[in-house]
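First up is the structure itself, then whatever we jot down about it.
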2 protein chains.
Amino acid sequence: MYKKIPLDINCGVKIAMEVIGGKWKTYILYELDWGTRRPSELHRLFPDASPRVINQQLKELERHGMIEKTIYPELPPRVEYSITEDGGSLMPIIHMLEQWGYNFRPKMIRILEETEEE
Amino acid sequence: MYKKIPLDINCGVKIAMEVIGGKWKTYILYELDWGTRRPSELHRLFPDASPRVINQQLKELERHGMIEKTIYPELPPRVEYSITEDGGSLMPIIHMLEQWGYNFRPKMIRILEETEEE
DNA sequence: CTGTATCCTCCAGGATACTG
DNA sequence: CAGTATCCTGGAGGATACAG
């Protein structure tokens, strides 16, 4: 039976997955890799995700040191997120995943059609 | 609100994740990349997973064309799984994930300790 | 040995309402 | 604008029993 280990800390793949596995994390990293973004901008960029969830994912990415949060104590308060060096080291992997998935896309579409379990 | 799209078929990353995202899939691919394996061998290799779950993941990997199943109609029946060319094309990515995670491991351990939410 | 059918638990992620 | 607190639900994946 599976033991609820805090995380398979001995498995590199699992560690990486823990960091990028969140539903919106790769999108966020991809976006921040282009430049700094404010929370409200991100919320607008991902209208399919509720703001709460985006904030959640931002918090985790920040905790893992993939992104950085800068708070400008203005009125109203302004917040900006940017990618860190560690976060940047993730981009090559994300691009590989994207490329592979894109190449596989035609086959995936056929598979989904043929085994249609809609 | 998030629409239950059968899969973000337009996002390469999500397609790749769909294929390798299962809890035991990378382990299985990793193992089959070394050589052919019978189900019972895999069950023994991953004692923390119930056989049912392994079979599940095998089925999905097969459906996606990452592995191949060969049935020898003997008594008792013998079955062997092997990795396909498409499956093999996944290995570089898995190795990158593993490498990145392994490099990040020390930091991850520190993060887990400091923010201990056990 | 290989595989399916049942049942159940847990939690990521979604909706909503609210505070500063 | 930024952020938190509540509540809720679907589905991945776990245990177990059983069939070919």
Side-chain angles (χ1 to χ4, degrees), chain A residues 1-8 11 14 17-28 32 36-64 67-82 117-118, chain B residues 1-8 11 14 17-28 32 36-64 67-82 117-118:
Chain A
M1 71 217 63
Y2 177 64
K3 300 288 181 34
K4 180 48 177 165
I5 299 164
L7 164 66
D8 281 353
C11 173
K14 286 293 180 292
M17 292 297 222
E18 173 83 6
V19 174
I20 64 170
K23 187 165 179 181
W24 304 92
K25 288 183 183 177
T26 54
Y27 295 136
I28 292 172
L32 294 186
T36 288
R37 289 287 188 190
R38 303 181 59 181
S40 53
E41 292 184 282
L42 294 171
H43 296 155
R44 245 175 289 116
L45 281 166
F46 309 119
D48 284 345
S50 80
R52 178 193 155 275
V53 174
I54 295 295
N55 288 340
Q56 228 174 225
Q57 310 260 311
L58 287 169
K59 225 187 219 170
E60 287 178 26
L61 285 169
E62 191 195 359
R63 174 159 100 100
H64 290 148
I67 66 176
E68 237 168 12
K69 181 188 198 168
T70 312
I71 305 178
Y72 300 90
E74 306 174 353
L75 243 316
R78 195 171 94 233
V79 173
E80 287 189 345
Y81 286 101
S82 55
E117 55 197 271
E118 164 57 26
Chain B
M1 71 217 64
Y2 176 64
K3 298 290 179 36
K4 181 47 177 165
I5 299 163
L7 165 65
D8 281 354
C11 173
K14 286 294 180 290
M17 290 298 222
E18 174 83 5
V19 174
I20 64 169
K23 187 164 180 182
W24 304 92
K25 288 184 182 175
T26 54
Y27 295 135
I28 292 173
L32 294 187
T36 288
R37 289 287 188 189
R38 303 182 59 182
S40 52
E41 292 183 283
L42 294 171
H43 296 156
R44 246 176 288 117
L45 281 166
F46 310 120
D48 285 345
S50 81
R52 177 194 154 273
V53 174
I54 295 294
N55 289 340
Q56 226 173 228
Q57 309 259 312
L58 287 168
K59 224 187 220 170
E60 287 178 26
L61 285 169
E62 190 195 0
R63 174 159 99 101
H64 290 147
I67 66 176
E68 237 166 11
K69 181 187 199 169
T70 311
I71 306 178
Y72 300 89
E74 307 174 353
L75 242 315
R78 195 171 93 231
V79 173
E80 287 189 345
Y81 286 100
S82 55
E117 55 196 271
E118 161 53 23

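Naming: A, B, ... by sequence-line order, numbering from 1 per chain.
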When the distance from [atom1] of [X] to [atom2] of [N] is rounded to whole Å, what number comes out?
| X | N | atom1 | atom2 | result |
| --- | --- | --- | --- | --- |
| B/E41 | C/dT2 | CD | P | 9 Å |
| B/K14 | C/dG13 | NZ | C1' | 13 Å |
| A/L58 | D/dC1 | CG | P | 15 Å |
| A/F46 | C/dG13 | CZ | P | 14 Å |
| B/R78 | D/dG20 | CZ | C1' | 19 Å |
| B/Q56 | D/dA12 | CD | P | 8 Å |
| A/R37 | D/dC1 | CZ | P | 15 Å |
| B/I54 | C/dT4 | CD1 | C1' | 16 Å |

Touch class at under 4.0 angstrom, heavy-atom based, for [X] against every strand present:
| X | result |
| --- | --- |
| A/R52 | base |
| B/K69 | sugar-phosphate |
| A/V53 | base |

Assess A/R37 against A/Y81: is NZ or CZ under 6.0 Å from the centre of the six-membered ring, and within 45 degrees of the ring's axis?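 Judged by the rule (NZ or CZ under 6.0 Å from the ring centre, within 45° of its axis), A/R37 is not positioned above A/Y81.
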Tell me whether the OP1 or OP2 atom of [N] has a side-chain N or O from [X] closer than 4.0 Å.
| X | N | value |
| --- | --- | --- |
| A/K59 | D/dT4 | yes |
| A/S50 | C/dG13 | no |
| A/Q57 | C/dG13 | yes |
| A/R38 | D/dA2 | yes |

For A/S82 against A/T36, the heavy-atom pair lying closest together: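 For A/S82 and A/T36, the tightest heavy-atom pair comes out as CB-OG1, 3.6 Å.
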Heavy-atom pair with the smallest gap, counting every atom of B/V19 and B/L61: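 Taking every non-hydrogen atom into account, O-CD2, 3.9 Å.
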Can we say A/E60 and A/K25 salt-bridge, meaning some charged N sits less than 4.0 Å from an Asp/Glu carboxylate O?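 Yes, A/E60 and A/K25 are salt-bridged.
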Can you confirm whether B/Y27 sits close enough to B/I54 that some side-chain heavy atom of one is under 4.5 Å from a side-chain heavy atom of the other?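 Not in contact.
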